[in-house]
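Keep in mind the model is a prediction, meaning the values are calculated, not measured.
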Amino acid sequence: MSKVCQLYSGSSGNSILISDKGHNILVDIGVSAKKCENSLLDLGVDPDSIDAVFVTHEHIDHCKGVRVFSSRHKVPVFASEICLEKMLEQGYMNDKTTYEKIDFHMELCGIEIKTFRQSHDSADCLGYRLDLPGGRSVGVCTDTGYVTDSAKQILEGTDLIFIESNHETSMVETGPYPYHLKKRILGLKGHLSNFACARYIKELAESGTTRFVLSHLSRENNMPHIARQTALASLSEIGLCENQDFRLYVSPPENDSRGIAL
């Protein structure tokens, strides 16, 4: 059985567990290694069973615990070459970390991993598609100002996607953030809004995607029920019914479930 679980989501830290046929992969560790370990143990997953960590980009909320976790559990780290260089420079990895650059495509433990470029204000930001041995596929598309053509091409037909629904635009515009931060969030290298997310998941649904996990919600500029309702309204426009044609989840900042079976 394939299973996925968003351990952490949002600006305070991000991490996703993907499991299939006895193999476990983490995408990002944006919390301390100890917190990540505790979350895995709560799910009945031995941290020593993690086969690899794939990092999207070098911001602290995505790689804070990578160095310690990798060292403690002898886990290899994969990311783009530029991201790896930045992580070494910033101390999120060191010369004791086992790491390897990933370009477009690789295979690990029978899992086929494809990458795509995101539009984010980091040195380099990747999204991932993982085609699992059990026949299911999982996409990770967060931290991007817009959905890139590369993302659309790679993610078409994915069974389940973790998709950024970061903010409600009006809440950013009228909120207390300084102008430069508002400009960053709303810009083409910022974060995906509820509306942009909802518009894209219609395309995904039409390509065969049936499970959507709204991720990386802002605590200050969004509310779970707003993100969820925006997505539901978009999918209903093309005649789809929740729990019949698709399932929709909203990730809390910290996992409060046992994960999603595929």
Does the side-chain contact (heavy atoms from CB on, under 4.5 Å) test come out yes or no for Thr142 and Asn14, once each step is laid out? CA-CA 10 Å; Thr142 64; Asn14 297 272; 5.9 Å; no
Evaluate side-chain contact (heavy atoms from CB on, under 4.5 Å) for Ser11 paired with Arg219, printing each intermediate quantity in order. CA-CA 8 Å; Ser11 58; Arg219 296 192 191 194; 5.7 Å; no
Please step through side-chain contact (heavy atoms from CB on, under 4.5 Å) for the pair Cys83 and Leu126, ending with a clear verdict. CA-CA 9 Å; Cys83 178; Leu126 295 181; over 6 Å; no
Under the criterion side-chain contact (heavy atoms from CB on, under 4.5 Å), I'd like the reasoning laid out for Tyr177 against Asn221: C-alpha separation, chi angles, the key distance, then a yes or no. CA-CA 9 Å; Tyr177 278 9; Asn221 297 302; 3.2 Å; yes
side-chain hydrogen bond (donor to acceptor under 3.5 Å, both in side chains), that's the test. Do His57 and Gln118 meet it? Break it down for me. CA-CA 10 Å; His57 62 294; Gln118 301 279 59; over 6 Å; no
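Taken together through direct or relayed side-chain contacts under 4.5 Å among Ile, Leu, Val, Met, Phe, Trp and Tyr, Leu108 and Leu84 form parts of separate hydrophobic clusters. Each of Ile163 and Phe195 belongs to its own hydrophobic cluster when Ile, Leu, Val, Met, Phe, Trp and Tyr are linked at side-chain heavy-atom distances under 4.5 angstrom. There is no path of hydrophobic side-chain contacts, each under 4.5 Å, that joins Leu155 to Phe162. Criterion: ILVMFWY side-chain heavy atoms under 4.5 Å apart, direct or through other members. Under it, Tyr128 and Leu132 are part of a common hydrophobic cluster. No path of Ile, Leu, Val, Met, Phe, Trp and Tyr side chains, each step under 4.5 Å between heavy atoms, connects Val4 with Leu40, placing them in separate hydrophobic clusters.
When all heavy atoms are compared, the tightest approach of Gly91 to Arg67 is O-NE, 3.2 Å. Nearest heavy atoms, Phe78 versus Ile102: C-CG2, 4.3 Å. Closest approach of Leu88 to Tyr99, counting heavy atoms only: CD1-OH, 3.4 Å. A pairwise comparison of heavy atoms in Gly239 and Asp245 identifies O-OD2, 4.0 Å as the closest pair. Nearest heavy-atom pair across Ser165 and Ala227 is OG-CB, 3.7 Å. Across all their heavy atoms, Leu192 and Gly145 have their closest contact at CD1-O, 3.9 Å.
When only modelled atom types and interatomic distance are considered, Ser39 and Asp42 share no side-chain donor-acceptor pair under 3.5 Å.
Looking only at distances, no side-chain donor or acceptor of Ser137 sits under 3.5 Å from a matching main-chain atom of Asp131. Listed for the His216 side chain is no donor-acceptor partner under 3.5 Å among the backbone atoms of Ser9. Side-chain atoms of Asp61 do not come within 3.5 Å of backbone N or O of Gly30 as any donor-acceptor pair. Judged purely by atom type and a 3.5 angstrom limit, Ser193 uses its side chain to pair as donor or acceptor with the backbone of Ala196. No donor-acceptor distance shorter than 3.5 angstrom exists from the side chain of Ser234 to the backbone of Ala231, with no hydrogens or angles considered. Side-chain atoms of Ser70 come within 3.5 Å of backbone N or O of Val75 as a donor-acceptor pair. Side-chain atoms of Ser119 never come within 3.5 Å of backbone atoms of Tyr146 as a donor-acceptor pair (strictly under, hydrogens ignored).
More than 12 non-hydrogen atoms from other residues, nucleotides or ligands lie less than 6.0 angstrom from CD of Glu220. For CE of Met223, the number of neighbouring non-hydrogen atoms (other residues, nucleotides, ligands) closer than 6.0 Å is 12 at most. The 12-atom threshold is not exceeded at CD of Glu156, counting heavy atoms of other residues, nucleotides or ligands nearer than 6.0 Å. More than 12 heavy atoms of other shown residues, nucleotides or ligands fall within 6.0 angstrom of atom CG in Asp256. Atom NZ of Lys182 is surrounded by more than 12 heavy atoms from other residues, nucleotides or ligands within 6.0 Å.
We find the CG-NZ distance between Asp121 and Lys189 to be 8.0 Å, quoted to the nearest 0.5 Å. Here His23 contributes atom NE2 and Ile18 contributes atom CD1; the two are 14.0 Å apart, rounded to the nearest 0.5 Å. Residue Thr210 holds its OG1 atom at 11.0 Å from CG of Leu204, rounded to the nearest 0.5 Å. Atom CG of Leu26 and atom OG of Ser19 lie 8.5 Å apart (nearest 0.5 Å). Rounded to the nearest 0.5 angstrom, Leu214 CG and Tyr249 OH are separated by 11.5 Å. From Asn222, atom CG reaches atom NE2 of His191 across 12.0 Å, with rounding to the nearest 0.5 Å.
Among the candidates Thr148, Ile161, Thr158, Thr56, the single residue satisfying the side-chain contact (heavy atoms from CB on, under 4.5 Å) test with Cys141 is Ile161. The side-chain contact (heavy atoms from CB on, under 4.5 Å) test with Phe54 singles out one residue from Val77, Ile25, Ile16, and that residue is Ile25.
Residues Leu7 and Leu43 have side chains in contact (heavy-atom distance under 4.5 Å, counting atoms from C-beta outward). With contacts defined as side-chain heavy-atom distances shorter than 4.5 Å, the pair His73/Ile50 does not qualify. Between Ile60 and Tyr92 there is a side-chain heavy-atom pair separated by less than 4.5 Å. No side-chain heavy atom of Ile201 sits under 4.5 Å from any side-chain heavy atom of Glu203. Annotation: side chain of Glu89 is not in contact with side chain of Glu58 (no heavy-atom distance under 4.5 Å). Residues Leu235 and Glu242 have side chains not in contact (no heavy-atom distance under 4.5 Å, counting atoms from C-beta outward). In this structure the side chain of Leu262 reaches within 4.5 angstrom of the side chain of Arg211, judged on heavy atoms. Residues Tyr200 and Lys152 form a side-chain contact, since some pair of their non-hydrogen atoms from C-beta on lies under 4.5 Å apart.
Remark: Asp20 does not engage Arg136 in a salt bridge, criterion side-chain N to carboxylate O under 4.0 Å. By the 4.0 Å N-to-carboxylate-O rule, Asp124 lies close enough to Arg117 to be salt-bridged with it.
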